[in-house]
Amino acid sequence: MKDIALSRSTVIQAIIILASLVFIIRLSALQIFDDSYKVEASKNAVKKRKIYANRGLIYDRNNKLIVYNDAIYDLYVIPGQVKQIDTTKFCNLVGLSRESFQNRLAKCRKYSPYKASVFMKQVPAEVYSHFQEHMREFKGFYGQVRAIRRYPYRSAPHTLGDVGEVDSITIMQSAKYYQAGDYIGKSGLEKIYENYLRGEVGVKYIFVDALNREQGKFKDGELDTVPKAGLDIFTTLDIDLQQYGEKLMKNKRGSIVAIEPSTGEILALISSPGFDPNLLCGRQRGDNFKILSSDTLKPLFNRPIMAQYPPGSTFKALVALVALQNDAISKNFSYYCPGYYTIPGYMLRCSHAHPSAKNVVEGLQHSCNPYFWQSFRNSLDKPEFENFEASYQNWYDYVRSFGLGNTLSIDLPGEKPGNIPAPSYYNKLYGNGAWKSTTVISLGIGQGEVLMTPLQLANLYASIANRGFYITPHLMKAYKKDGSFHFNNNIEKKTVPIDKQHFDIVAEGLAAVVDRGTGRRSKMRDIEICGKTGTAENPHGEDHSIFAGFGPFKNPKIAVAVIVENAGGGSRYAAPISSLMIEKFINDTIADYRKHLEAGILEANLIKGESE
Amino acid sequence: MSRNRNVLIDIDWLSIFLYLILVVTGWIAIYAASYSGEAASVFNFSTSYGKQMIWIFISLAVGICVVIIDSKFYTTFAYVFYLVILITLIIVLFIGEDIKGARSWISFGSFNFQPSELAKFATSLAVAKFLSSLNIKIQERNNQLLAFALILIPMALIIIQGDMGSALVFSVFILVFYREGLPAVYLVLGVLLIFLSLLALLVNKFILIGILLLIAILSISYFRKQIQVIVLTIFITLMSTGYIFAVDYIMNNVFEQHQRDRINVLVGKGGNDWNIRQSKIAIGSGGLTGKGFLNGTQTKFDFVPEQSTDFIFCTIGEEFGFLGSAGLIAVFVFLILRLIFIAERQRSKFSRIYGYCVACIFFFHFLINIGMTLGILPVIGIPLPLISYGGSSLIGFTILLFILIRLDAERLIILR
């Protein structure tokens, strides 16, 4: 009996020793043979926290601040800590419905009850500061400061672009440079100059507890890096001119492009209808984006560089230049306009009655269609070319030398190339050698296949203003790095292979247009404007009103292209708007005698009842 | 007078020494777990280490009292203690404070007390008294039933309170019964039941029953001629099938979500394993020698849940490494084996049985608590004896241990 008892005691002791041996083996496995827990632990306790860099600021050409950063707050929650809070008070403070509060909390809880997750993004500073006073009552919630963009002039939304949270594809493409939650330029200058503006994120190594609360610096901050603010960008925009242009284009659909011809600097780039760029910042971004993108007037569409129109009569200046350079016409080439133009099988009509043009200047002044049809044909039907295709190629090359039919490489995303039909296009359409000058005759007055963006049109007239060259149109003048300015060197001067004397003749003609021709309503007493009205036929509705030009005649300071969609002839809206832009830029004010002209434009509403 | 002197001479100072080592280690670990960077006074009574300091002094005082009191007091009033504690456990159900889902606390002002901690020594005394009575043999069916009733009543009351962990402790008395002659079949049966429970949790119940039926059919066809075996096989199969359904039902209908989670985590079926993962990270990151006192990052920054109570072992594992934690395990094993040694040297049956009760209760807490922090046993919230923060537990274990020390001190004098 005693033996049995003893052996039972032994069994019990064996169980105890066995259990502790299992513990020792398990302990050695965890602590000695498996290093992964050490790694896990360091991940646990030492957290890398990003300190977001301040995004670079954006200035206009007169050093006016047009984009800056404003503090907002992302509200985080650790669901496990949230206990018995006054939900009603919370909701009132941050402006949430109870239902939304519960949904958000449930979502965060589902992600992890112990880890912090974003409860509410982009709480405005004024809301947050109020909330912060009561923060102690809401255990488990904390805020983290972020920056959003602010646009004090509420202007140039398409050009400046917007900033939003980086998407997963970009994160992958960036080799994880970006991380979820980071902001990135989504469009416009913000996108193009993202690498300049974003700055360098700083890193702070901190001890955090299981609830992600900061407990102190790791190694006294030895490994921390300070964030580097993004580079400030100085644009070529004249924000006052930009705003003025937007005012003029209010309730109209179309674009204005203003370029300083001598430098290629873009002074204004207006796409109408526009919107307040502040709408795409902060909390309402998603909602506003939806509203804007479903608007039938397409306010998000960046017309100056993305919309492509037939240039209409504004193209005639180019037709004249090529014809003059080709010796196809002389400056005194005269053509009798009977009001129509005959080609085999067709009779084409001139658009309006006018005296016949006795030279190039008068041809432009009256915008005589037959004059330019003939000039165009003279250019193409010159006998020295071996065949028609070669002669068209010659014309095509001249036209392309103005940067048409291809993007101008402006520093904005999404630029469209327009279209100048290549010889191969006609060969395919009509068959090799089966087309001639009469086939493509509508190009002579800027109709047919030819398409240009407003930017290309403005650049064409900047080239004329320069009498033979243009400089890559651009928006960034310089950026500031370490206190010194670095000028944009992504621009080049492109010389057009047409002699200066021909430009002088055409410029004279363009001056005549405004002085006494189709654009005379827009004539000014003190500034001699050169330009050309145009009417782009539009199969979908009323013609587009176009004007392109520059001023003053001597030493031009500004080249402008204006397109007002469905507004009829060029002299009605586009020409007055152009002249006002030029006057505003050069004189800074509108003269009294032109106030009625300005008022007429400002009051005109061409999209009444069309939107939404 | 002379008798008292003898008693003090025969006190097992080794046990008291081990007790003190554990209590001091516990306090150091609690200090480390709640240390928040700035050095505060160790007598800051708003902190957990400050409070534990008070509890340690109270426990020492209680321990001295327990040792001074004549052992007759314990043997004579064993059932009285037991009844008083049963009544208290019932009262707690009505006036108890609800803490962490368990209605097992009684409040005295700012202090909360857990009567179930005292139920351990009271039940031990009752079990010792019952099994040491004349003519009581654990081998007899009736006595077995009564003995089990003694432990099942407090167990049931504590389960009703909602404190599953503390209730489970009482199952360890089966080891004591085994030592006193309970057929080994019960022990084997217990192990088999645990095994079958695990299978029921892991394998689809219908597949499992199918396998059991297959085994039954094979064994019946093999033992065709032995009616007894066939009857037994059918009986076992039916009981097992019923048991599998019961496990399934309890798992899905009786257990709360967190309990289901804990079990699922353990058997590797996912669930929220945050606690266990953090616990293993804390211990694992300690390495061979640990990060040093107060240098633990996992426990200091609240990664580990309940770090000064149920998961106190993590702090030791992280800051003192393998050497420290293996050392602590060694001290525990030494203490438990010492208690068994003490039990075995008793001439009195009462003292021996009580000694085994103490050793087994210490062992059960040690096993479940450390097994849990190491991730090899489910998360059952019971304290690590003498180490974990908490007054009730410390006082409870002190009384439990010191009664044995008093009984042992009289081993040469009294023969019961």
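It should be emphasised that the depicted structure is a prediction, and the values quoted were computed from it without experimental measurement. Proteins come first, then strands; the chains are lettered A, B, ... in the order of their sequence lines, and each starts at number 1.
- The CZ atom of B:Phe334 lies 13.0 Å from the OG atom of A:Ser20; values are rounded to the nearest 0.5 Å.
- A 6.0 Å sphere centred on NZ of A:Lys89 holds more than 12 heavy atoms belonging to other residues, nucleotides or ligands.
- In terms of heavy-atom pairs under 4.5 angstrom with chain A, the leader among B:Leu288, B:Leu187, B:Leu175, B:Leu337 is B:Leu337.
- Of the two parts of B:Phe332, neither the backbone nor the side chain holds a non-hydrogen atom closer than 4.5 Å to a non-hydrogen atom of chain A.
- For the atom pair B:Tyr356 OH and A:Ile12 CD1, the distance stands at 5.0 Å (nearest 0.5 Å).
- The candidate with the highest count of non-hydrogen atom pairs below 4.5 Å against chain A, out of B:Ala326, B:Gly284, B:Gly286, B:Ala343, is B:Gly284.
- Only the side chain of B:Ile329 comes within contact range of chain A, judged by heavy atoms closer than 4.5 Å.
- Atoms CZ and CZ, from B:Phe177 and A:Arg8 in turn, are 13.0 Å apart once rounded to the nearest 0.5 Å.
- Counting only distance, with no hydrogens or angles, the side chain of A:Gln31 and the backbone of B:Phe322 share a donor-acceptor pair below 3.5 Å.
- For A:Leu27, the parts lying under 4.5 angstrom from a heavy atom of chain B are both the backbone and the side chain.
- Only the side chain of B:Ile340 comes within contact range of chain A, with at least one heavy atom under 4.5 Å from a heavy atom of that chain.
- In this structure, chain A has heavy atoms under 4.5 Å from both the backbone and the side chain of B:Ile370.
- No side-chain heavy atom of B:Ser325 sits less than 4.5 Å from a side-chain heavy atom of A:Phe23.
- A donor-acceptor pair under 3.5 Å links the side-chain atoms of A:Arg26 to the main chain of B:Leu374, judged by distance alone.
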ask   = Can you list the steps and then say if A:Val11 with B:Tyr178 is a side-chain contact (heavy atoms from CB on, under 4.5 Å)?
value = CA-CA 10 Å; A:Val11 168; B:Tyr178 166 75; 3.6 Å; yes
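- When the side chain to side chain contact (heavy atoms under 4.5 Å, CB included) test is applied to B:Leu192, the partners found at least two apart in sequence or on another chain are B:Val188.
- Heavy-atom neighbours of A:His130 NE2 from other residues, nucleotides or ligands within 6.0 Å: at or below the threshold of 12.
- For B:Phe364, no part lies near chain A; criterion is any non-hydrogen pair under 4.5 Å.
- Counting heavy-atom pairs closer than 4.5 Å to chain B, the top-ranked of the candidates A:Ile16, A:Ile15, A:Ile24 is A:Ile16.
- Contact annotation for A:Ile17: only side-chain heavy atoms (C-beta onward) come within less than 4.5 Å of a heavy atom of chain B.
- With sequence neighbours excluded, the residues that form a side chain to side chain contact (heavy atoms under 4.5 Å, CB included) with A:Tyr52 are A:Lys50, A:Arg146, A:Asp182.
- Proximity to chain A (any heavy atom under 4.5 Å) is restricted, for B:Ile336, to the side chain, taken from C-beta onward.
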